[in-house]
S.K.: 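Below you will find the structure I want to go over with you.
Convention: sequence-line order gives letters A, B, ...; per-chain numbering from 1. Heavy atoms only: backbone and side chains are in, while hydrogens, waters and symmetry mates are out.
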Amino acid sequence: MNYKNSFSVKAFFDYLREKRLMGVKCLNCKNLMIPPRLICTACKKANLEWFEFEGAGALETFTILHVAPTSLKDKAPYILGIVKLNEGPLITGRIIGVTSDKPKRIRIGMSVKADFIQESDSTILAFKPNN
Amino acid sequence: MNYKNSFSVKAFFDYLREKRLMGVKCLNCKNLMIPPRLICTACKKANLEWFEFEGAGALETFTILHVAPTSLKDKAPYILGIVKLNEGPLITGRIIGVTSDKPKRIRIGMSVKADFIQESDSTILAFKPNN
Amino acid sequence: MLMNKVALIGAGMTRFHHSLHKDKSSRELFVEAFLECLDSVDKSISHKDIDALFISATASEFFEHQSHIACLLSDWTGLNPIPATRIEAACASSSAALEIGVFAIASGMYDIVLVGGVEKMTTLEVDEMTYALMSGLDHPYECILGVSNPGLYAMMANAYFEKYDSSWEELTSISIKNHHNASMNPKAHFQSEIMDIAKKISQKKGLKFDNEMDFLKSPTNPYIAHPLRLFDCSPVSDGASAILLASSKKAKKFTDTPVYVTGLGHTSGTMSLHDRRDLTSIPASVEAGNRAYKMAKIESKDIDFAMVHDCFTPAEIIATEDLGFFPRGEGGKAAIEGRTRINGEKSINTDGGLKAKGHPIAATGTAMSYEVWKQLRGEADKRQVNNAEIGLIHNVGASGGTAIVQIFRR
Amino acid sequence: MLMNKVALIGAGMTRFHHSLHKDKSSRELFVEAFLECLDSVDKSISHKDIDALFISATASEFFEHQSHIACLLSDWTGLNPIPATRIEAACASSSAALEIGVFAIASGMYDIVLVGGVEKMTTLEVDEMTYALMSGLDHPYECILGVSNPGLYAMMANAYFEKYDSSWEELTSISIKNHHNASMNPKAHFQSEIMDIAKKISQKKGLKFDNEMDFLKSPTNPYIAHPLRLFDCSPVSDGASAILLASSKKAKKFTDTPVYVTGLGHTSGTMSLHDRRDLTSIPASVEAGNRAYKMAKIESKDIDFAMVHDCFTPAEIIATEDLGFFPRGEGGKAAIEGRTRINGEKSINTDGGLKAKGHPIAATGTAMSYEVWKQLRGEADKRQVNNAEIGLIHNVGASGGTAIVQIFRR
Ligand SMILES: [Zn+2]
Ligand SMILES: [Zn+2]
């Protein structure tokens with residue numbers, strides 16, 4: 001077994017800064033995972049390789065955050081969603097390109113694609129509707 | 001049993017602001033405690049009354065803090081000590097009135113008395129040597 | 001195996017409240033619950049009878065810059081030098097502590113163990129408190145994005161609405177019922193019906209609300225995380241709760257009416273909400289329930305009453321489905337029809353739930369057991385469930401990364 | 001009763017280090033220890049064999065804004081949905097987790113349990129880290145005054161010097177020995193003798209040190225909390241450790257050489273140092289030791305080797321006295337005379353101790369058990385204690401608010 005791999009939180013964000021949405025693929029059972037893991041969630045083997053997701057998917061659910069934590073107080077209200085990527089896995093992201101004062105405009109099932117926004121010191125995963 | 005007493009952390013500091021060093025006395029076994037408690041450490045009864053300590057005692061041990069936590073970085077090096085009060089109990093305080101560059105001048109056993117210093121928003125218990 | 005080996009012989013808790021405990025810190029809160037717990041033991045108990053302490057505080061690091069709190073509470077209760085250990089599993093912390101107390105006794109190591117939890121939350125402003133509790137989520141993959149606990153349950157609610165063609169109106173049945181139950185609970189944070197609160201506000205602000213729905217839909221009930229509004233969320237409360245556990249052998253020395261632990265279920269879910277395929281259920285709750293039923297050798301229909309984790313209103317609906325009380329998609333309808341009120345088909349959150357009783361995070365699990373203790377001993381006063389024989393608690397950590405179900409009988 | 005009911009069947013840990021794990025967070029560190037732990041099981045083990053998880057992180061709230069970490073690690077190890085609970089008792093957290101793992105198995109609830117701890121410390125600057133770890137002290141009565149963990153042990157050291165007419169020079173025997181032991185431990189943070197470090201520094205800075213004492217007395221070894229200097233303190237390290245426990249019945253299925261848990265002792269002391277009448281001993285350690293000896297039915301003289309809690313050099317001296325290895329006031333002299341070196345009269349901290357192996361807080365307790373595991377199986381290589389049959393670990397929370405002693409035999 002190889003313990004010394006780099007499927008780390010840091011690597012995910014390093015890739016995100018390069019506008020790449022990276023997860024892993026299990027070399028044993030082909031299971032796709034994002035964010036990257038060190039052990040396959042399906043077959044429990046630690047035999048993985050990087051896998052790049054296209055970033056396209058459909059909105060599985062969402063919320064509009066009105067009461068925000070300290071660091072994001074100025075940004076509220078903002079929208080969050082969970083997106084089902086076309087490759088299968090789901091992931092959480094900020095939803096941009098729709099305004100929070102019209103929640104009816106945000107539809108579960110609408111197709112979205114990944115975007116990468118800069119916030120404070122880090123790159124944040126976001127999704128915006130496909131028009 | 002009376003659960004609703006005020007032998008609280010807040011009360012200790014409220015008294016400290018008034019330059020009073022307050023602990024409690026057990027009405028059952030006469031045990032003296034400082035800081036105040038809600039249950040006697042000796043007989044385990046919750047039957048206490050406030051007791052004012054004179055603030056005089058002897059230095060039981062001390063240290064000179066060179067690597068300080070963030071909020072006290074500017075104050076380092078500073079001296080801390082545990083004082084055995086004349087009434088019996090021991091308590092921790094900042095040691096003032098001696099300079100930290102002469103550790104030999106700080107003697108275990110030396111007699112000290114309580115002082116109350118203002119630091120940021122709170123009153124801090126300090127002790128200084130009796131001269 | 002473990003079934004009936006351990007019993008509750010005492011229970012105590014502070015009132016849960018946002019301002020009543022302003023001048024108290026964790027240690028004073030917990031001592032208050034502890035003293036009531038000692039007093040509740042029918043045939044009296046003393047410090048020297050207690051062998052160990054498993055205590056929870058969920059986020060005392062942020063609220064009071066205090067960890068190592070089990071040691072502190074062992075000291076402040078006068079129980080020192082008995083072993084003292086802090087247990088943390090987010091909002092399910094103190095039910096995890098109770099479970100470990102059961103293990104410790106059943107192992108033969110101890111006869112009597114004190115478990116409980118305390119949370120002093122009101123030291124922080126709402127935005128800081130929101131961030132503190134976000135430490136229970138996946139930091140890089142949820143927290144950094146600004147996902148809060150209400151945000152996660154809001155996303156579950158929207159997924160549920162979509163799947164079952166339901167809407168926010170259904171959720172109000174939960175808060176209305178739980179406020180009603182809390183109005184009969186002297187330990188509850190809120191002790192008034194929603195309409196009473198609405199009336200108070202309307203008098204003060206010169207507004208007028210025709211009925212509960214009129215109030216709940218008004219800007220006086222603002223959005224926290226759409227679709228969830230203020231009255232969909234449990235309040236911020238300070239509080240503590242404590243339970244004394246004893247081996248069933250020793251229990252009779254302390255009380256003629258012990259409450260037995262008959263079922264334990266505890267499972268972990270994925271840390272992130274997004275790692276679950278169905279967002280309208282909490283898989284860890286389903287599995288924890290199944291494990292608890294199996295150990296207790298009963299089915300969900302045998303449960304007379306249950307305290308379920310209603311940190312936000314959709315959580316209660318999902319919980320009653322996950323635990324098998326109602327079919328999928330029908331938890332909200334069941335509540336609307338009154339089937340979950342006290343002495344309805346299944347009495348849910350007789351104490352007012354987290355929503356109205358309050359949710360001082362680490363105090364919640366053992367406060368649920370406190371209500372079960374009261375109910376099974378017939379001491380729940382106006383909230384009493386008739387012929388209460390089997391009670392269940394269901395305690396969830398964050399969005400379902402932890403789920404704990406415990407079953408008790410008299 | 002509990003004696004010999006539970007055994008260690010596997011052990012793993014990361015190297016402890018301040019820079020090597022720069023790019024890893026808690027989850028990656030713990031998975032690394034976990035995978036080594038799985039690999040260490042002689043007859044192989046798989047995920048589905050493991051029933052539950054008790055994991056420690058002491059101050060992950062400050063280091064990574066992450067609580068609910070047992071759930072996170074259950075998820076990241078792939079062990080989800082097994083129950084996962086976080087255990088905290090300051091610096092004694094993961095030995096408390098091991099103890100609870102033993103209870104859980106002995107209760108009959110589980111057969112195989114994973115315990116361990118992780119601490120990712122290097123995310124903070126020294127002053128912030130100092131403050132984070134001060135949460136383990138009594139916040140209003142110690143922390144606010146600016147008392148740090150080294151400050152508390154410095155005060156114990158001065159009290160000890162006064163009582164036994166000893167001095168700082170005695171302490172250096174501890175750091176010199178522990179660096180020597182760590183130089184033979186591939187998992188240790190420092191893997192070099194103090195004199196080697198002194199030589200490196202002297203080359204770089206153009207200084208010259210005649211011997212260890214010359215170096216240790218120089219400004220290159222600055223004061224942290226007088227009389228303690230940098231080399232009296234354990235370093236800041238990232239790391240994780242994990243232990244697999246099994247019921248003794250099941251253990252043989254996984255290994256022919258299990259390591260049995262024979263003695264458990266755990267007590268709480270006063271939260272504040274000032275609440276103890278004698279500052280030259282840690283009463284909780286004395287009592288925890290006595291309880292562990294009693295359960296294991298042995299005396300201190302029967303211990304072949306011990307990992308004791310040397311977070312600061314005076315702690316090791318006090319520990320060897322508190323545990324009954326040496327008479328009061330003679331712990332330091334024993335070290336100077338070489339009686340505590342490997343294969344001396346009593347081999348102490350064969351792995352380099354917290355001082356030189358490193359002290360990622362919550363990883364420390366089960367890392368001590370890791371060394372006991374290695375020693376009792378004869379796998380400690382150049383550090384091997386001859387005829388090692390009974391090993392002890394001694395893990396202290398903060399200034400002694402918690403003390404845990406555990407005894408193992410092969
Ligand atoms: Zn796989
Ligand atoms: Zn007394």
S.K.: Determine the option with the most heavy-atom pairs under 4.5 angstrom with chain C, choosing from L133(D), L137(D), T270(D), D275(D).
M.R.: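 Looking at each of L133(D), L137(D), T270(D), D275(D) in turn, T270(D) comes out on top.
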S.K.: Heavy-atom distances under 4.5 Å only: say whether S93(D) touches chain C with side chain, backbone, both or neither.
M.R.: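 Answer is neither: S93(D) stays 4.5 Å or more from chain C.
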S.K.: I need the L79(C) CG to I50(C) CD1 distance, nearest 0.5 Å.
M.R.: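 Going from CG on L79(C) over to CD1 on I50(C), the span is 5.0 Å.
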S.K.: Using a distance-only test with no angle check, is there a side-chain donor-acceptor pair under 3.5 angstrom linking S248(C) and N4(C)?
M.R.: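 No, N4(C) and S248(C) have no side-chain donor paired with an acceptor closer than 3.5 Å.
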S.K.: Is chain C contacted by the side chain of I69(D), its backbone, both, or neither, given a heavy-atom distance below 4.5 Å?
M.R.: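 When you check distances to chain C, only backbone atoms of I69(D) fall under 4.5 Å.
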S.K.: Can you say whether E88(C) sits under 4.5 Å from chain D via the side chain, the backbone, both, or neither, judging by heavy atoms?
M.R.: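 E88(C) touches chain D through backbone and side-chain heavy atoms alike.
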S.K.: Between L53(D) and V113(D), is any pair of side-chain heavy atoms under 4.5 Å apart?
M.R.: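 With C-beta onward as the side chain, the pair stays apart.
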S.K.: Measure L72(C) against the heavy atoms of chain D and call it side chain, backbone, both or neither at under 4.5 Å.
M.R.: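 Both the backbone and the side chain of L72(C) come within 4.5 Å of chain D.
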S.K.: If you count heavy-atom pairs under 4.5 Å with chain C, which of A96(D), A70(D), P140(D) comes out on top?
M.R.: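 Max contact count across the listed options: P140(D).
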S.K.: Between S272(C), P83(C), C91(C), which has the largest tally of heavy atom pairs under 4.5 Å with chain D?
M.R.: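 Highest number of pairs under 4.5 Å: P83(C).
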S.K.: So, E64(D) and S26(D): side-chain donor and acceptor under 3.5 Å apart, yes or no?
M.R.: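 Judged by distance alone, the side chains do pair up.
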S.K.: Would you check if S399(D) and R276(D) make a side-chain contact, meaning some heavy-atom pair closer than 4.5 Å?
M.R.: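 SC-SC contact between S399(D) and R276(D) confirmed.
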S.K.: Pick whichever of C143(D), G108(D), G265(D) has the most heavy-atom pairs under 4.5 Å with chain C.
M.R.: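 Ranked by contacts with chain C, first place is G108(D).
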S.K.: I need the M109(C) CE to I100(D) CD1 distance, nearest 0.5 Å.
M.R.: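 Rounded to the nearest 0.5 Å, the CE-CD1 separation comes out at 11.5 Å.
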S.K.: Counting heavy-atom pairs closer than 4.5 Å to chain C, which one of A288(D), P81(D), A92(D), A398(D) comes out on top?
M.R.: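 Winner by heavy-atom pair count: P81(D).
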S.K.: Which distance, rounded to the nearest 0.5 Å, do you find between the CZ of R86(D) and the CZ of F54(D)?
M.R.: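 Going from CZ on R86(D) over to CZ on F54(D), the span is 15.0 Å.
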S.K.: Among P283(C), S60(C), S74(C), G269(C), which residue has the highest count of heavy-atom pairs closer than 4.5 Å to chain D?
M.R.: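 Max contact count across the listed options: G269(C).
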S.K.: Could you grab the distance from atom NE2 of H274(C) to atom CG of L152(C), nearest 0.5 Å is fine?
M.R.: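 Interatomic distance, H274(C) NE2 to L152(C) CG, rounded to 0.5 Å: 10.5 Å.
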S.K.: Could you state the interatomic distance from OH (Y110(D)) to CG (L2(C)), rounded to the nearest 0.5 Å?
M.R.: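 Interatomic distance, Y110(D) OH to L2(C) CG, rounded to 0.5 Å: 9.0 Å.
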S.K.: Pick one of side chain, backbone, both or neither for A132(C), based on which atoms fall under 4.5 Å of a heavy atom in chain D.
M.R.: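 For A132(C), the backbone is the part near chain D, not the side chain.
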S.K.: Given the options A90(C), C71(C), S135(C), which has more heavy-atom pairs under 4.5 Å with chain D than any of the others?
M.R.: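 Ranked by contacts with chain D, first place is S135(C).
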S.K.: Between I87(C) and chain D, which part of the residue has a heavy atom less than 4.5 Å away: side chain, backbone, both or neither?
M.R.: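 Contact with chain D: backbone and side chain both.
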S.K.: Any idea which of A104(D), G136(D), S67(D) has the most non-hydrogen atom pairs under 4.5 angstrom with chain C?
M.R.: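 The candidate making the most pairs under 4.5 Å is S67(D).
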